[in-house]
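Source: prediction; values computed, not measured. Within every chain, numbering begins at 1; the chains are lettered A, B, ... in the order of the sequence lines, protein sequences first and strands thereafter.
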Amino acid sequence: MEMKVETGKNIQVNDVSPSGIKIIWQEIKKDKLAMGSLIILAAILLFVYGASFFMDAKEIAKVDFLSIYLEPSSDYWLGTDYGGRDVFGQLIIGTRNSFTISLFITLFTAIIGLSLGLLAGYFGGATDNVIMRVIDFVIALPQLMFIIVVVTIVPIFNVYVFILIMTMFLWTGKARLIRSKALSERELDYIHASQTLGTPHWKIILFQLLPNVSSLIIVNFILNLAGNIGLESSLTFLGFGLPESTPSLGTLISYARNPDVLENKWWIWVPASLMILVLMLSINFVGQALKRAADARQRRG
Amino acid sequence: MTLLKLDNLKVHFPIRGGFFRRVVDHVKAVDGVSFELQQGETYGLVGESGSGKSTTGKAVVKLNEVTSGQILFEGRDLASLSRREIKPFRKDIQMIFQDPYSSLNPKKRVLDIIAEPLRNFERLSPSEEKKIVQDFLDKVGLSPESIHKYPHEFSGGQRQRIGIARSLTLKPKLIIADEPVSALDVSVQAQVLNFLQDLQQEFNLTYLFVGHDLGVIRHMCDRMGVMYRGRLVEEGKSEEIYENPQHIYTKRLIAAIPDLEPEVREDKVQLRKKLTSEYESTYSKYFDENGRAYDLKPISSTHRVALQ
Ligand SMILES: Nc1ncnc2c1ncn2[C@@H]1O[C@H](COP(=O)(O)OP(=O)(O)OP(=O)(O)O)[C@@H](O)[C@H]1O
Ligand SMILES: [Mg+2]
């Protein structure tokens, strides 16, 4: 009977109980920080994707030796870098690239992690054993060395290869998270009930188990999205990220490896750093609100 | 007519341990259980916690792997069938679960919960389906508007009714009820029990009723079996077991029922003391050197006891 308490507030809703999305929206509305973050995030993304649509990436990546290291001016809003390239343009395209990369890595790892995690957790036993050994193997690989090797071997190292490699390494955490949740869910009687009612395994996994791990997935997805923006940047900073012809936030920040740029040419790396900070923080704040929405006990009324 | 017959059923769970998670031992949750259910009767399984009652019930609906033995349902051995072969029998054998909170998927509406078995076995239009679900809701005493609600909007007793409605939709012959009222308030327990009896009349059901409350079992069951550590130690008509228990474990189980009348309370205490000493002095009459109960031996045409 105690379990009724937390759900007590749903009583006023008489016909349809609040759907997941409605609860999430209510939670965000109550949290000023999350609401502000969401607005900022939406504004940045709209602007970046909108503006980059009208920009010529080739033009921006073109080296112009007559305008090296120019300070911000009305021609170049954020000045130029050592190749005379417009930093503002690179910032826009870089943000777009970094965000898109993060989005795809998060998406692909989520798909792999979810499928394998659900299978391992639901079936347990031998299936679980095999999947867990694969995960152990991937985790045991020296990640950074592997990336360095791939970067040097692969003839054309571009965004797609980058997404592929990162996906290869990053799905394991999600798979384990989903697995442990699925393992505990499958012991609950509603799963047993479905089995005795003659529902096939795939239907139980998709329609009974999945809805009950969905809040976990959404929250994890959002928090990962923030994490993966930083990840792309830090690798680029180490020199194993994307080539300069593909501007990214990491490329811009990595110019700060040059002490002269770091000390005297702030306009090259400060805006990109701020951009990463703002993106990561705002995604995180939204994610925290989602996390509360997913867990009824933490909701702010 | 015999509907269900368990023949020397064994369910052993492996205990894994050591470095390679090898099987080091087995939990003998059910260790050689045999009994029969006649069409239309209610058979009770009682015993203390961990005695293997639920495991026996779950083996019948294939929620547990059977280690050995037979589960004959209308003469077919379910234990030897694969998951695919068992599917037609799912219609005939249904289960009511102990915990009404975890047995309903919190993310599903009542309509989807009760219609799940229908969708597996029949092709119905949404409106036909809705009508059937509402009929069953009516049978279990819930309003037809309930179909759009989620489980958390109901009380424990109401949820258990939803679970019961779900188990009835396929018109089963046998229902395994695993402590269907033990998670409920005492005031609601009697209600749900009576209601299960009404349904038995209406749908001509056979119940395998699992419980640890002897009072409830006696109220519900025509015959019962007493389980102890995975073995049946006594079996017979409910009043035989209740009035004339033969096995020391059964005697102690009955003596342990709390009594409300103060006069007999003192007698009970004495009786329990007496049984404890009897248990110690006659232990070998009931259990072999490994502490395992003997096989059942008939002492009358209906009454069987595990004696040496
Ligand atoms: N899946 C499992 N794996 C390993 N051991 C199990 C499993 N299920 C049950 N057991 C063990 O089998 C024994 C019998 O359990 P069971 O659930 O059948 O008892 P029960 O008589 O229903 O008890 P209760 O009244 O507490 O429900 C217990 O010792 C339990 O720990
Ligand atoms: Mg049990």
Checking B:Glu85 side chain against B:Ser82 main chain: does a donor-acceptor pair fall under 3.5 Å?
yes

Part of B:Leu104 within contact of chain A (heavy atom distance under 4.5 Å)
backbone

Chain B interface, residue from A:Glu185, A:Gln195, A:Lys203 that has the most non-hydrogen pairs under 4.5 Å
A:Gln195

Determine whether a donor-acceptor pair (N or O, by modelled atom type, separation under 3.5 Å) exists between the side chain of B:Lys58 and the backbone of A:His192.
no

If you tally heavy-atom pairs under 4.5 Å against chain A, which of B:Lys91, B:Arg166, B:Gln98, B:Arg84 wins?
B:Arg166

For the pair A:Leu183 and A:Arg186, evaluate side chain to side chain contact (heavy atoms under 4.5 Å, CB included) and give the outcome as yes or no after the intermediate values.
CA-CA 6 Å; A:Leu183 264 182; A:Arg186 75 156 185 170; 4.0 Å; yes

Ion pair present between B:Lys171 and B:Asp92, side-chain N to carboxylate O less than 4.0 angstrom?
no

Would the distance check show the side chain of A:Ser115 and the main-chain N or O of A:Ile111 forming a donor-acceptor pair, the cut-off being under 3.5 Å?
yes

Non-hydrogen side-chain atoms of A:Phe99 and A:Leu225 separated by less than 4.5 Å
yes

With side chain to side chain contact (heavy atoms under 4.5 Å, CB included) as the test, pick out the partner of B:Ile96 among B:Val181, B:Ile175, B:Ile176.
B:Ile175

Residue by residue, which of residues 118-140 of chain B have a heavy atom closer than 4.5 Å to a heavy atom belonging to chain A?
B:Asn120, B:Phe121

At a heavy-atom separation under 4.5 Å, does B:Arg83 approach chain A through its side chain, its backbone, both, or neither?
side chain

Can you tell me which portion of B:Lys62 sits under 4.5 Å from chain A's heavy atoms? Options are side chain, backbone, both or neither.
neither

Does B:Gln160 use its side chain to pair, donor to acceptor, with the backbone of B:Phe97 at less than 3.5 Å?
yes

Side chains of B:Arg109 and B:Ile113: closer than 4.5 Å at any heavy-atom pair?
no

What residue, out of A:Ile191, A:Leu197, A:Thr199, has the most heavy-atom pairs lying under 4.5 Å from chain B?
A:Leu197

Is atom CZ of A:Phe146 surrounded by more than 12 heavy atoms (other residues, nucleotides or ligands) closer than 6.0 Å?
no

What residue in A:Leu188, A:Thr196, A:Asn129 has the most heavy-atom pairs under 4.5 Å with chain B?
A:Thr196

State the OH-CD1 distance between A:Tyr190 and A:Ile204, to the nearest 0.5 angstrom.
10.5 Å

Measure from the side-chain N and O atoms of B:Gln94 to the backbone N and O of B:Arg90, and report whether any donor-acceptor pair falls under 3.5 Å.
yes

Which members of residues 166-175 of chain A, sorted by number, sit under 4.5 angstrom from chain B on a heavy-atom basis?
none

Check for a donor-acceptor pair, side chain of A:Gln288 on one end and backbone N or O of A:Phe285 on the other, with a separation under 3.5 Å.
no

